[in-house]
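Working notes for the structure below.
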Protein chains: 2
Amino acid sequence: MQTSSKLALRQTLLDHIAQGNLIPGASLPSERSLALRFQMSRNAVREVMQGLQQEGWIEVRQGGRSRCVNRLQSYMEHGQSIETSLSHQLDVLEARAFLEGETAYFCALRASDQELDALAQEYRAMLQRRKGQSTLLKAKADLTFHMMIAESSHHLLLISYSQLFYERYFNAIHEVLSTTLKRYGRYPDGISQQHEKIHQAIQARRPDQARLEAKEHILYTRRLLEAT
Amino acid sequence: MQTSSKLALRQTLLDHIAQGNLIPGASLPSERSLALRFQMSRNAVREVMQGLQQEGWIEVRQGGRSRCVNRLQSYMEHGQSIETSLSHQLDVLEARAFLEGETAYFCALRASDQELDALAQEYRAMLQRRKGQSTLLKAKADLTFHMMIAESSHHLLLISYSQLFYERYFNAIHEVLSTTLKRYGRYPDGISQQHEKIHQAIQARRPDQARLEAKEHILYTRRLLEAT
DNA sequence: TTACCCCAACTGGTCTTACCAAAAGTATTG
DNA sequence: CAATACTTTTGGTAAGACCAGTTGGGGTAA
């Protein structure tokens, strides 16, 4: 009976990870609370956690919370240099186009109602904030919006990839935005409209439409940069 | 302090395995005794054991003792059919020639004095028993002698390999012995002499000599079979 | 307001004790 | 000698206590 509890706990946690409820970096419930919820001793919980840790799913530190791990990390450990060349930025945007399309697709498909509400709220806040702020903050707000979409996709691979992508290529993305803003003085109408279209498609739960809009949005940005 | 104990215990066990003191199939000390010996809680011991189990070093069953595992097992899981054809038997003997040579070498090099005594005792017993017994028992006695040499080699890879070898190819080996005995009516003098030479070389702790004799011993058997 | 620091609560790490369940060993019995 | 029943041993689980870091919030000072 207790052995099945251990398996149940393990499976539950793995499911949460696989389904994107426990995204990389998110903290797991404490051992004590899990023991309580699953009606098992903390001892048994620890053994499950240790197993998951050993398999590279979670990260455990004394005192701190246990965290879900981004398993793609090791695949990105090559080449620390973040290129700022034009060709590299174009490459980044090409990859991002695919990524954004898929995350938008799965977000529209899988996001919970609460997540959609939160997304709408963040979107409105982004519109407000956009009026008078530094380029850096605008870029951050932009990324936050896109990251929320990614996190609501409940797609482990996409979430992991997005995290690393934004972490690693933030400078490149910021550069693009900076260049674009410098040229137009403000967000081009195209970009604002595209954000709006993406958001509407997601809220309407139209996955294919969301994918199309998101992909086009990035490719539009790419064309702007390319025209330099 | 306790963390270092865990690492120490883990390293100690792994060392014992690597050095052939804990051969595959051998049982480990109980959790309670290890906790006592290493001055740590049984809890901590269990975590170490579980780690080793997860990495495939040991096998744990409730009630029974924990056992060291033969990690080569999975590499030998192909082809269940034990061929008794001549060509296959010759192949087996060729592989065995190398194996016996190496085990004899490391046995002469690394065996403890107690192990050499036990080997001498087994050798004498084998000589006595050889006089009037079934072919099957003679084959078993022969394999026991060779297996003792392998176990005294303190060479994890050779021990693991020998175990699987004898387990899997016992029938083939028995067949060879049976054919040989049928033809000569008894152990050929060559074989007895070779056993004697191997044993003496090991007891004299002359590794190269032991390897030479052991290899020659098997190749001699192989030639006998080949001459069929 | 902002930045910093400190302390209480929280979380993982370990130890102890007790009891259960399965295997292994031992004595008994046919 | 073999089969059986009993006892011991061993791993599995639980509960409680305490230690050792981390976290986060409130207070203080700049």
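First the proteins, then the strands, lettered A, B, ... as listed; each starts at 1.
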Whichever of B/Gly64 and A/Arg42 has its nearest DNA chain D nucleotide further upstream toward 5':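 On the 5' side of the pair lies B/Gly64.
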When you match A/Arg61 and B/Glu31 each to their closest nucleotide on DNA chain D, which lands nearer the 5' end?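 Closest to the 5' end, via its nearest nucleotide, is B/Glu31.
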Please give, in whole Å, the distance from [N] [atom2] to [X] [atom1]?
{"X": "B/Arg65", "N": "D/dT9", "atom1": "CZ", "atom2": "P", "answer": "10 Å"}
{"X": "A/Asn43", "N": "C/dA18", "atom1": "CG", "atom2": "P", "answer": "16 Å"}
{"X": "B/Gln62", "N": "C/dC19", "atom1": "CD", "atom2": "C1'", "answer": "12 Å"}
{"X": "B/Arg46", "N": "D/dA14", "atom1": "CZ", "atom2": "P", "answer": "11 Å"}
{"X": "B/Met40", "N": "C/dT16", "atom1": "CE", "atom2": "C1'", "answer": "14 Å"}
{"X": "B/Gln39", "N": "C/dT16", "atom1": "CD", "atom2": "C1'", "answer": "14 Å"}
{"X": "B/Lys6", "N": "C/dC15", "atom1": "NZ", "atom2": "P", "answer": "8 Å"}
{"X": "A/Arg67", "N": "C/dG12", "atom1": "CZ", "atom2": "P", "answer": "11 Å"}

OP1 or OP2 of C/dT11 sitting under 4.0 Å from any side-chain N/O of A/Ser66?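 No, because none of the side-chain N or O atoms of A/Ser66 sits under 4.0 Å from OP1 or OP2 of C/dT11.
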Looking at B/Glu115 and B/Arg110, is there a salt bridge between them, counting it only when a charged N and a carboxylate O are closer than 4.0 Å?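 A salt bridge is absent here (no side-chain N lies under 4.0 Å from a carboxylate O).
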CE of B/Met148 to CG of B/Leu116: how many Å apart, nearest 0.5 Å?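 B/Met148 atom CE to B/Leu116 atom CG measures 9.5 Å (nearest 0.5 Å).
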Distance from A/Glu151 atom CD to A/Asn21 atom CG, nearest 0.5 Å?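 Going from CD on A/Glu151 over to CG on A/Asn21, the span is 12.0 Å.
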Near B/Phe98 CZ, under 6.0 Å, is it more than 12 heavy atoms from other residues, nucleotides or ligands?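 At most 12 heavy atoms, drawn from other residues, nucleotides or ligands, come within 6.0 Å of this atom.
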So what does B/Glu47 touch, heavy atoms closer than 4.0 Å: a base, only the sugar-phosphate, or nothing?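 Sugar-phosphate, no base atom in range.
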Mind checking A/Arg32 for me? I need base, sugar-phosphate or nothing, with any heavy atom below 4.0 Å counting as a touch.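 Result for A/Arg32 = base.
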